[in-house]
Amino acid sequence: MVQAEHDVALQDTDRLEGRAALVNNVKAAVALAGAVRSTLGPRGLDKMLVSDDGNCLVTNDGVTVIEAAKVEHPTARLLISASSSQDKSARDGTTSTVILTAELLQNSLELVRMGIHPSVVINGFLLAEREAISELDRVSRKADSTEELKSVISTTLAGKIGESLASHMTEIAFDAADLLSDEEGGDDLERLRIKRLQVSGGSTIDSRLVNGLMIAKTRVDISTPSSSDGGIIAILDGGLENAKLEMDAEIEVSSPGVLKGFHDRSLEKLREAVIHLSSLGVELLIVRDGISDDAISMLSEAGITSYRRFEREDLERLSKITGTRMVRRPTRISEDDLGRFTSRGEETVAGITHTVIEGSEGGALTAVIRGTSPQIREEAVRAFDDAMGVSFRVIRDSRIIPGGGAIQTHLARHLRSFALGNPGREQLAIEGYAAALEVIPRTLAENAGLDPIDVVLDLSAAQTSDEENGHWIGLDAMTGRKTRMDEMGILDPLFVTRHSISGSTEAAISVLRINDVLWAKQDPTTPEWNDEEGLEE
Ligand code: ADP
Ligand code: MG
C-alpha cells in the first residue's frame, strides 16, 4: 500500500505506536492487577462487587472479581483470558497469574526504556521461563500422605472462607475426588459427575456429600413406590402429553363425535407410548417436559414410576451414570437406548423431599450446599468448586511445591545465577523475569501487613543459608514467620504454579509483541485509556 492509501485507511482510527503502545498496554495490565492484588493469600481482603442492577457479591476470588469487572481495554481482556484459562485448567492460581503478568510487563517496560528491544526481552523471558519450569519440576516432590494432600487443598481455601468451613469443604471435596480417582476422563469429569445442589436454610457446616444424583423433585404420582433397588430407566427428551388442539387448527365439527374422536385418538397415542415403555421393561421414566394427568395414571397402572421437568444438566448426568440415551419420542425408544439405575430413594433436606438416584455406569455424587442466604451459598459453592477442582487434579498429579512465596523466592534466586551464564542483553531480561516472580512473596507480605522488602530479603537470606532445603522456607502469612512450608502444611500443587508461570509468560509476551494499536475512533472507551499522561517518549 502506498503511504497515501495507508493514511486514508487509518483515518477512522486512533493510533498508538511503538513505546506509546507498550506504555498504554502496561498501564492497563497494572491497573487490572491493582484491582485484585489485595485479595492474594490467606490474609487477602474481600471485594464487594455491585452490578448494574444493584445485586452484590462479596468475594475473595481473583477470577470472579475480574470476570465481573466491565473491562474494555484489549490488553486487560488478554490478562482476563489468561486468568480464565488458569481457572479452567488448574482451578486455582488466578490472582497470581494476573499479578505476575502485570509485573512481567512492568519490568519489561523498564528494560525497553533502558534501550533494550522488546524482541530481546521476549527471548530472555522465554529462556527464563524454560529454566524456571525445569527448576520447578526438579524441586517438586510427591505428597507423601493423605494429610499432606489435604493440606494442599486447605492452602487453596485459606482466606476464602472461615477455617472450620474450609476444613469441612476440604473433607467433602477430598472424599468426592477420591471416588473419581480411578475413572477415565478429562478435567470436566468432576463437573459432570458431581452435582452442586444449593439448599436454603441450615448452616454451611451442614453441607455434605450424598451418594448419587440428588434432585429437588418427587415422583409425579405418590401412589408409585418411593424407592427402588434398581431396574431399567428411560429418559425422554421431550414431554408425554395429550396432543393439543392448536388454536389455529381448523377442525370441521360436522358431528358431535368429532371432538371426542380427537380426544380418543390422543389418549390412544399415549396408551401406545406407555405400552411400548412397559414392554421394554422400563421401571423408571424421566421426562424433560411435562406429563399429562392421563399419562400419569397410565404410567402408574403399568408400574412405571415417573418424574417430570428435569433440568438439562440433571438429564445429562443421569444419562451418563445410567448409560441411557435420551430420546425425543417415547415410541422411538429402543432397547439400546435404555440404561440401568441401581437405586432410587427419597431424602428430606430442609423440609423438602428430594429424590436420589444412583446409576450402574459410574459414580455420581451430589454436594448439598447449605446456607441461609443466596450470597452465602454462592460463596460456599465457589469454595467447594475450588476445593473440588484442586482435589480432583491433585489426586491424579500429587506433586507439590512450597507455598507462601517460597517457590517464587527460590526461582528468583535460581534465575539470577542462571542469568550470569547468559552473556548479552538477554541476561538483563532474565533478571527482570526473576524480580517479577518476587511479586508473589511481596504481595503476600503486603496483604499480611508486613514490610514487603524486608520479607523478600529475609526469605532470600534464609533460603541461601540452607543449601539443601532452603527452597521450602516461605512466609506464613498467618503468623508472619519465615519458616518451613512443608512443616506448616502451606503447600501448593505443582500444576497450579506451573500453569500460572507459563500462562503469565505467554500473556506478557503477547503484549510485548504488540507494536501498533489501532483504536476505532467510534469506540467510546478509547479516550479513557488513551491519556498520554506520564508517557516518557
Ligand atoms: P490465587 O488466585 O492465585 O490462587 P489466592 O488468594 O488463593 O490466589 O492465594 C494463593 C497464594 O497464597 C499461594 O501463593 C499460596 O501459597 C499462598 N498462601 C496460602 N496460604 C498461605 C499462608 N498460610 N501463608 C502464606 N501464603 C499462603
Ligand atoms: Mg487460590
Side-chain angles (χ1 to χ4, degrees), residues 10 12-40 47-53 55 57 59-109 112 118 121-122 125-126 129 382 436 439-440 443 496 499-535:
L10 293 179
D12 280 340
T13 54
D14 281 333
R15 184 171 189 185
L16 285 177
E17 276 176 280
R19 179 100 57 93
L22 183 60
V23 170
N24 180 281
N25 287 334
V26 171
K27 260 200 213 168
V30 170
L32 187 73
V36 293
R37 54 187 292 145
S38 68
T39 70
L40 186 79
K47 298 260 168 196
M48 179 183 269
L49 308 174
V50 185
S51 63
D52 290 349
D53 50 11
N55 279 332
L57 169 72
T59 182
N60 177 291
D61 187 28
V63 75
T64 311
V65 174
I66 60 169
E67 280 180 351
K70 286 216 168 117
V71 178
E72 306 273 0
H73 195 286
T75 307
R77 294 230 59 91
L78 206 138
L79 258 72
I80 293 174
S81 63
S83 168
S84 300
S85 137
Q86 175 78 23
D87 187 43
K88 244 180 132 197
S89 47
R91 291 303 291 286
D92 194 22
T94 54
T95 312
S96 306
T97 302
V98 172
I99 298 178
L100 181 56
T101 311
E103 195 72 10
L104 284 168
L105 281 171
Q106 211 163 15
N107 289 0
S108 27
L109 185 59
V112 171
V121 178
I122 293 173
F125 277 14
L126 286 171
E129 180 201 13
R382 265 195 300 281
V439 74
I440 302 296
T443 310
V496 171
H499 195 281
S500 170
I501 287 181
S502 50
S504 303
T505 310
E506 194 180 309
I509 286 178
S510 61
V511 174
L512 278 171
R513 284 196 210 281
I514 301 169
N515 184 44
D516 210 349
V517 181
L518 303 174
W519 301 81
K521 273 198 176 134
Q522 53 269 40
D523 182 350
T525 59
T526 311
E528 221 178 285
W529 289 92
N530 201 4
D531 65 319
E532 308 234 336
E533 215 180 299
L535 288 191

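Numbers here simply count residues along the sequence, with the first being 1. We use all heavy atoms of the structure for the numbers below, so side chains are in, but hydrogens, waters and symmetry mates are not.
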Taking only residues two or more places apart in sequence or in another chain, which ones pass side-chain hydrogen bond (donor to acceptor under 3.5 Å, both in side chains) with S89?
H499

Which residues satisfy the side-chain contact (heavy atoms from CB on, under 4.5 Å) test with I80, sequence neighbours excluded?
L32, I66, E67, V71, R77, S84

With sequence neighbours excluded, tell me which residues meet side-chain hydrogen bond (donor to acceptor under 3.5 Å, both in side chains) with S85.
none

Criterion side-chain contact (heavy atoms from CB on, under 4.5 Å) against T97, the qualifying member of T101, T94, L100
T101

Report yes or no: does Q106 contribute a side-chain atom to a donor-acceptor pair with the main-chain N or O of V26 at less than 3.5 Å?
no

Measuring from atom OG1 of T75 to atom NZ of K27, what distance do you get when rounded to the nearest 0.5 angstrom?
12.0 Å

Under a 3.5 Å distance rule, please check whether Q86 uses its side chain to pair with a backbone N or O of T95 as donor and acceptor.
no

Partner set under side-chain hydrogen bond (donor to acceptor under 3.5 Å, both in side chains) for T505, not counting sequence neighbours
Y433

Polar side-chain atom of N25 near backbone of A21 as donor-acceptor pair, under 3.5 Å
yes

N/O donor-acceptor pair under 3.5 Å between S108 side chain and L104 backbone
yes

Sequence neighbours left out, what passes side-chain hydrogen bond (donor to acceptor under 3.5 Å, both in side chains) with S38? Give chain and number order.
K47

Quick one: list whatever passes side-chain contact (heavy atoms from CB on, under 4.5 Å) with S96, sequence neighbours left out.
L40, I440, S500

When rounded to the nearest 0.5 angstrom, what distance separates CG in L126 from OG in S502?
11.5 Å

